[in-house]
Amino acid sequence: QVQLTESGPGLVHPSETLSLTCTVSGFSLTGYSVYWVRQPSGKGLEWMGRMRYNGDTSYNSALKSRLSISRDTSKNQVFLKMNSLQTDDTGTYYCTRAPRSTMGITLGYFDYWGQGVMVTVSS
Amino acid sequence: DIQMTQSPASLSASLGETVSIECLASEDIYSNLAWYQQKPGKSPQLLIYYASSLQDGVPSRFSGSESGTQYSLEINSLQPEDEGDYFCQQSYKFPLTFGSGTKLEIK
């Protein structure tokens, strides 16, 4: 079945770089797009960026200067790197999958989510 | 960016009641609206997509509708397991944006 699992450090110091991994199973990264969404503690959801099935990426302009998303299809993994972390980057980070229509078009909502990884930015 | 204004921020209702949650888009999103439920400590789960299509496995007491740029999620016959947070999300234009959420308490 479809699964996404995030992993990474729980604690990052201010100004450092966050590195997260999303390991997927039950589907191919060359067939589906994977998105990153974060949720500051007790707050709403923010779309961060995506790795498309064809290897293209796109980012939320609010984060674009700090964010990089890549993948290793042989390992079924998508990576997120975000630099210059500050305390307001504290929260839960999710990787999600976007479904595809019967015509093969990637849809813009999320049918599967990982369990999330909590990241605290603190000295 | 498209702003999604969600209301109410919280509501409390009794078992068996019907509740409605609204999301107002700042521009036309042409039905590209999804609803998610998030239970405490869990990741969001897709309920509705394209404004009114029920995701597989979601109980039929959940329904979505639209009127212009206003989108609604209705939950009929409230059950204890419906307690949680609800979010809308537009998928019409990047950046994808979410409503601020509604906390539903079952009395």
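Since the structure is predicted, the reported quantities are computational estimates derived from the model, not experimental observations. Just so it is clear: chains get the letters A, B, ... in the order the sequence lines come, proteins before strands, and each one is counted from 1.
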Tabulate, with distances rounded to 0.1 Å, every donor-acceptor pair spanning chain B and chain A at under 3.5 Å.
unit_1 : atom_1 : unit_2 : atom_2 : d
A/Q39  : OE1    : B/Q38  : NE2    : 3.0
A/Q39  : NE2    : B/Q38  : OE1    : 3.0
A/Y94  : OH     : B/Q38  : NE2    : 3.1
A/G108 : O      : B/Q89  : NE2    : 2.7
A/F110 : N      : B/Y36  : OH     : 2.9
A/G114 : O      : B/S43  : OG     : 3.2

message: According to a hydrophobic-cluster definition based on side-chain heavy atoms being under 4.5 Å apart (Ile, Leu, Val, Met, Phe, Trp, Tyr only), do A/L4 and B/L46 belong together?
response: no
field: same_hphob_cluster(A/V117, A/M51) at 4.5 Å side-chain heavy-atom cutoff
entry: yes
message: As an exercise: rank A/P99, A/A62, A/G108 by heavy-atom pairs under 4.5 Å with chain B and give me the winner.
response: A/G108
- prompt: Are A/Y53 and A/V2 connected, step by step, through hydrophobic side chains (Ile, Leu, Val, Met, Phe, Trp, Tyr) whose heavy atoms are closer than 4.5 Å?
  reply: no
message: With chain A as the partner, which of B/A34, B/G99, B/G41, B/P44 has the greatest number of non-hydrogen pairs under 4.5 Å?
response: B/P44
task: Would you please go through residues 11-23 of chain A and name the residues with a non-hydrogen atom below 4.5 Å from one of chain B, in numerical order?
output: none
message: Grouping I, L, V, M, F, W and Y whenever their side-chain heavy atoms are under 4.5 Å apart, do B/L73 and B/L24 come out in a common cluster?
response: no
query: Do B/L104 and B/L47 belong to the same hydrophobic cluster, where Ile, Leu, Val, Met, Phe, Trp and Tyr are linked whenever their side-chain heavy atoms lie under 4.5 Å apart, directly or via other members?
result: yes
